[in-house]
Amino acid sequence: MRTDNREIKSTIISIYFILIIAAILLATVFRSYNLVEGSSLYVLIGLLVAVVIVHFIARFFEYDSDGAQVIITNSGLILTDYLNYRENKIEIPRGKLSGYKIHNYYFYKSLVIYVSHSNGKIEKERFNITLLKYKKVKYVRQSLRKIIKENKSIKLDR
């Protein structure tokens with residue numbers, strides 16, 4: 001199964017653009033009227049915090065479980081064509097996948113994948129799935145559950 005949140009890219013770019021333009025306009029208006037005191041400064045700080053939050057949450061997610069490996073990719077949405085500075089990509093053989101958890105916080109959702117190695121060590125990989133629609137999260141959960149069920153039945157057969 002393959003899924004991603006590619007359609008959200010234009011929305012996030014629009015939100016970045018609006019926040020940055022609003023911050024620039026407010027800064028010039030406040031400076032021209034000498035209003036950079038008190039509450040107007042809080043508005044600018046609030047806009048900057050909003051830009052940081054959007055930057056933290058806005059991640060591209062791609063899941064592909066077709067074939068012998070499960071491929072999960074997380075990368076940033078802005079400047080990914082030029083700089084690949086926030087990419088987290090993992091390619092796991094289907095048999096090494098030992099578990100998963102989906103954490104649903106108020107403004108943030110994450111997928112934690114547990115990968116077992118031949119020496120018995122279990123590695124955790126975390127992916128941001130905040131902007132993935134509920135229906136697609138359900139599909140990813142269903143696919144991971146199926147893979148783990150297959151792995152457990154293979155271990156019991158041995």
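Just so we're clear, the structure is a prediction, and the values are computed from it rather than from any experiment. The first residue in the sequence is number 1, and the count goes up from there.
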With a 3.5 Å distance limit and no angle check, can you tell me whether Thr130 reaches the backbone of Lys109 through a side-chain donor-acceptor pair? yes
Restricting to salt bridge (Lys or Arg N to Asp or Glu O under 4.0 Å), what partner residues turn up for Lys89, sequence neighbours left out? Glu91
Nearest 0.5 Å, please: how far is NZ in Lys135 from OG1 in Thr3? 10.0 Å
Joining Ile, Leu, Val, Met, Phe, Trp and Tyr whenever any side-chain heavy atoms lie under 4.5 Å apart, the cluster holding Ile90 also takes in Met1, Phe61, Tyr63, Val70, Ile72, Ile92, Leu97, Tyr100, Ile102, Leu111, Ile113, Val115, Phe127, Ile129, Leu132, Val137, Tyr139, Val140, Leu144, Ile147, Ile148
Distance (rounded to the nearest 0.5 Å) between Ser118 OG and Lys96 NZ: 5.0 Å
Donor-acceptor pairs under 3.5 Å, side chain of residues 17-25 to any protein atom, not counting sequence neighbours: which ones?
none

Starting from Val52, walk the hydrophobic network (Ile, Leu, Val, Met, Phe, Trp, Tyr; side-chain heavy atoms closer than 4.5 Å) and list everyone else you reach, by chain and number. none
Transitive ILVMFWY side-chain link Tyr134 to Tyr105, under 4.5 Å: no
With the 4.5 Å side-chain cut-off for hydrophobic clustering, are Val54 and Leu48 part of the same group? no
Would you list the pairs meeting salt bridge (Lys or Arg N to Asp or Glu O under 4.0 Å) in which at least one residue belongs to residues 115-131, sequence neighbours left out? none
Looking at every non-hydrogen atom in both residues, tell me the closest pair between Ser116 and Ser98 and how far apart they are. N-OG, 3.9 Å
Between the main-chain N or O of Asn128 and the side-chain N or O of Asn74, is there a donor-acceptor pair closer than 3.5 Å? yes
Kindly say whether Lys133 contributes a backbone atom to a donor-acceptor pair with the side chain of Asn5 at under 3.5 angstrom? no
Restricting to pairs with a member in residues 47-69, which pass salt bridge (Lys or Arg N to Asp or Glu O under 4.0 Å), not counting sequence neighbours? Arg2-Glu62, Arg2-Asp64
Do Tyr106 and Val112 sit in the same hydrophobic cluster, where Ile, Leu, Val, Met, Phe, Trp and Tyr count as joined when their side-chain heavy atoms come under 4.5 Å apart? no
State, to 0.1 Å, how close Ala58 and Ile12 come at their nearest heavy-atom pair, and which atoms those are. CB-CG2, 3.5 Å
How long is the straight-line distance from NE2 of His103 back to OH of Tyr108, given to the nearest 0.5 Å? 10.0 Å
Can you get from Phe60 to Ile53 by hopping between Ile, Leu, Val, Met, Phe, Trp and Tyr side chains that sit under 4.5 Å apart? yes
Spacing of NZ belonging to Lys146 relative to CD belonging to Glu150, to within rounding of 0.5 Å: 5.5 Å
